There are 2 protein chains.
Amino acid sequence: MATISDVVKRSGISKATVSRVINNHPHVSKEKREKVLAAMKELSYTPNPTARRMRGQLNTTVGLVVHRVVNPYFSYLMDAIERKAAEHNIRVIFFQSKEDKQKEFEFLDLLKQKQVDGMILTTVANSVEDIRPYLEYGPIVFCNEYLRIDDVPIVRISEEDAAFTGVTHLLEEGYRNIAYCTGGLFADEGKDRDRNTGFRKAMEAKQLSINPEWVFIDQHSIEDGRTVMKKITEMDNKPDAIFTGSDEVAAGMTIAAREYGVKIPEDLAVLGFDDQPLCLLTSPQLSTIHQPIEEMGSLAAELIIKLFKGEKLEQLEYELPIKLVKREST
Amino acid sequence: MATISDVVKRSGISKATVSRVINNHPHVSKEKREKVLAAMKELSYTPNPTARRMRGQLNTTVGLVVHRVVNPYFSYLMDAIERKAAEHNIRVIFFQSKEDKQKEFEFLDLLKQKQVDGMILTTVANSVEDIRPYLEYGPIVFCNEYLRIDDVPIVRISEEDAAFTGVTHLLEEGYRNIAYCTGGLFADEGKDRDRNTGFRKAMEAKQLSINPEWVFIDQHSIEDGRTVMKKITEMDNKPDAIFTGSDEVAAGMTIAAREYGVKIPEDLAVLGFDDQPLCLLTSPQLSTIHQPIEEMGSLAAELIIKLFKGEKLEQLEYELPIKLVKREST
DNA sequence: TTGTATGCGTTATCAT
DNA sequence: ATGATAACGCATACAA
């Protein structure tokens, strides 16, 4: 690879001036500028990014933390982020934290070491207090997380609105005995607070009470969905609809339904969450809450790029709209 | 961040010796070594990777080219690669080429610029001749590609064996009118040559001829699968089984089958390829060819890491075994 | 407008 | 065994 010194030799012009040309600085005579440009072209010179980074002048790499790549929610997010980044010639280093606090720290350290110039966190295991110190070393953007840190932009959906919309849809379809499934806990605090609130409000709006037997916590996978369906078939007092909070769980329920002879939606209506491609594969096809993943990823990338450029953000909280998609399962 | 100079100040020991300690060089007295170590700990010093890279002493970043993240085949590959890399403290910069030759070049340039220290290509759009020059700048490993370059290790499955096994399975189940679907062309050369050969050989082994009407080329997506199924329903002379070459295509066929009232496998047996999670979601569940994606990714990562360390590979071609998974669709 | 000299944080060379 | 110093490739303060 040709270096700046090679260009100096070739053009007979000083290093400083060559550097000025490279960085489009003013105060360079047209004549010299052209000579330099010519030499650069002849040598097919490209500035060495490592050297630039050493000088602290380079912002071209963003770190991306996801939970797991194979989770379609995250892979669609990664897709959108990478595409937007590539448009701007930004590279993406990705990392699967699997919610491991220690690993998350190790990856965040890349920010300290200037291996990456900013971070997009789509999942975060550590607490606000643990994350905050890293802000000193570079910008961070949250994407799809509940965490709030002043000064840290966050892109997400309104979980409360999503749950409210979903449950209200079930109620409008005439179901009254609504079961509820969550990936977290059915608590008033923490990550799932807002979604739980949406569920409560939708039920209250129809003066319906919540049956605690029909609340399932910590459900994520297709396998979990099968188990939930099994449990429901074993109940004396059965719900007639379920808000699953996850397409995977909902899909698992459709599989188990076939095995147990449960008819969806006649015996039990099932509502997914995310609008993943698998919604079209199950039988029946899943009604679900569509998340604007594409837009979320794209926006998160745009925000971090703006911060790279030193631009101020006019807004810190971006709440993107969800949409109910009715198919066959409700 | 503390630098080596801070350690020098703190310990009162020269830069050279401090560096020796950092890099575990011999010829350092126990006494000084301990002093340095103490200073390092007190300052929570970490060597600056960028500076090390400048010196040309750092191998910690691998570039990973995939077609698209959202394709489960690739996301499972990425998962395996990232996990193995993380074990060894190697970072992964990923990039979606979408088979764009120009973009592929731009990403390969990271190798030239020493932004990455090696590359894993899981898809490659350019020709052997175009890729070869990059070898000068760092190691490359192919994973799942047909391309052959002497000196470039490749991890893959035997496409011929896979197709042969799949088609033979259909024949053994008693089907005789076998349709064939490929993501590429039905040509004697190029990427899909081996898979096509496997199909031919399996048919020849039973003295069966191939019906060109039943050969579908350039089929990839769920949508493609629907189209294929539609076409088959419109045929006078229908096949009784199909080797799809893709779980997505096979899944699309199950959806269309429901719409057209085609029974799988009674009217038409459908065999997928890859063994993606969606095989369990369709109705009926898909029989398929299981690809050892996990092992492929893991091995590819191991190979590049060995090359980083300057180790010699005892082998350049790694052909991993496939496996037939029989479910409900055949 | 242009060029010289310096520093970014390392590691390696060469003395001592 | 230890330390002073050069070098990696670049951008900039300062001088001219």
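The chains referred to below are lettered A, B, ... by the order of the sequence lines, with proteins before strands, and numbering in each begins at 1. In this text the structure is predicted, and so the values were computed from the model without any measurement.
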Expressed as a whole number of angstroms, how long is the span from B:R33:CZ to D:dG3:P?
14 Å

OP1 or OP2 of D:dG3 versus the side-chain N and O atoms of B:T17: is any pair under 4.0 Å?
yes

Is any side-chain nitrogen or oxygen of A:K30 closer than 4.0 Å to OP1 or OP2 of C:dT1?
no

Mind calculating the distance between CG (B:L58) and P (C:dG9) to the nearest angstrom?
16 Å

Whole angstrom is fine here: how far is it from CE in A:M54 over to C1' in C:dC8?
4 Å

Basic-acidic side-chain contact under 4.0 Å: B:E317, B:R156:
yes

Give a yes/no answer on whether the side chain of A:K32 brings an N or O atom under 4.0 Å of OP1 or OP2 in C:dG3.
yes

Take atom NE2 of A:H27 and atom P of D:dA11, then tell me their distance rounded to the nearest Å.
18 Å

Partners meeting salt bridge (charged side-chain N to carboxylate O under 4.0 Å, His left out) with B:R20 (sequence neighbours left out)
none

Contact list (N/O, under 3.5 angstrom) for nucleotides 10-14 of chain C vs protein:
from	atom 1	to	atom 2	distance (Å)
C:dT10	OP1	B:Y45	OH	3.0
C:dT10	OP1	B:N48	N	2.9
C:dT10	OP2	B:I4	N	2.6
C:dT10	O5'	B:Y45	OH	3.4
C:dT10	O4	B:K15	NZ	3.3
C:dT11	OP1	B:N23	OD1	3.1
C:dT11	OP1	B:N23	ND2	3.3
C:dT11	OP1	B:R52	NE	2.8
C:dT11	OP1	B:R52	NH2	3.1
C:dT11	OP2	B:S19	OG	3.0
C:dT11	OP2	B:N23	ND2	3.3
C:dT11	O4'	B:R55	NE	3.2
C:dT11	O2	B:R55	NH1	3.1
C:dT11	O2	B:R55	NH2	3.3
C:dA12	OP1	B:Q57	OE1	3.1
C:dA12	O4'	B:R55	NH2	3.2

So does B:S29 get a side-chain nitrogen or oxygen closer than 4.0 Å to the phosphate oxygens (OP1/OP2) of D:dT2?
yes

A:N24 CG to D:dA11 P, straight-line distance once rounded to whole Å
12 Å

Among B:T122, B:I93, B:L77, find the residue that satisfies the side chain to side chain contact (heavy atoms under 4.5 Å, CB included) test when tested with B:L64.
B:T122

B:K9 NZ to C:dG9 P, in whole Å, measures 10 Å

Measure up the A:F94 and B:F94 rings against each other and bin them: parallel (under 30°), tilted (30 to 60°), perpendicular (over 60°).
perpendicular

Go nucleotide by nucleotide along DNA chain D from the 5' end; which of B:V28 and A:P49 gets its closest nucleotide reached first?
B:V28

Derivation of the side chain to side chain contact (heavy atoms under 4.5 Å, CB included) call for A:K98 and A:R68:
CA-CA 6 Å; A:K98 318 257 171 83; A:R68 268 201 92 182; 3.5 Å; yes

What residue among B:K112, B:R53, B:R91 forms salt bridge (charged side-chain N to carboxylate O under 4.0 Å, His left out) with B:D117?
B:R53

Other residues, nucleotides, ligands: >12 heavy atoms within 6.0 Å of B:K84 NZ:
yes

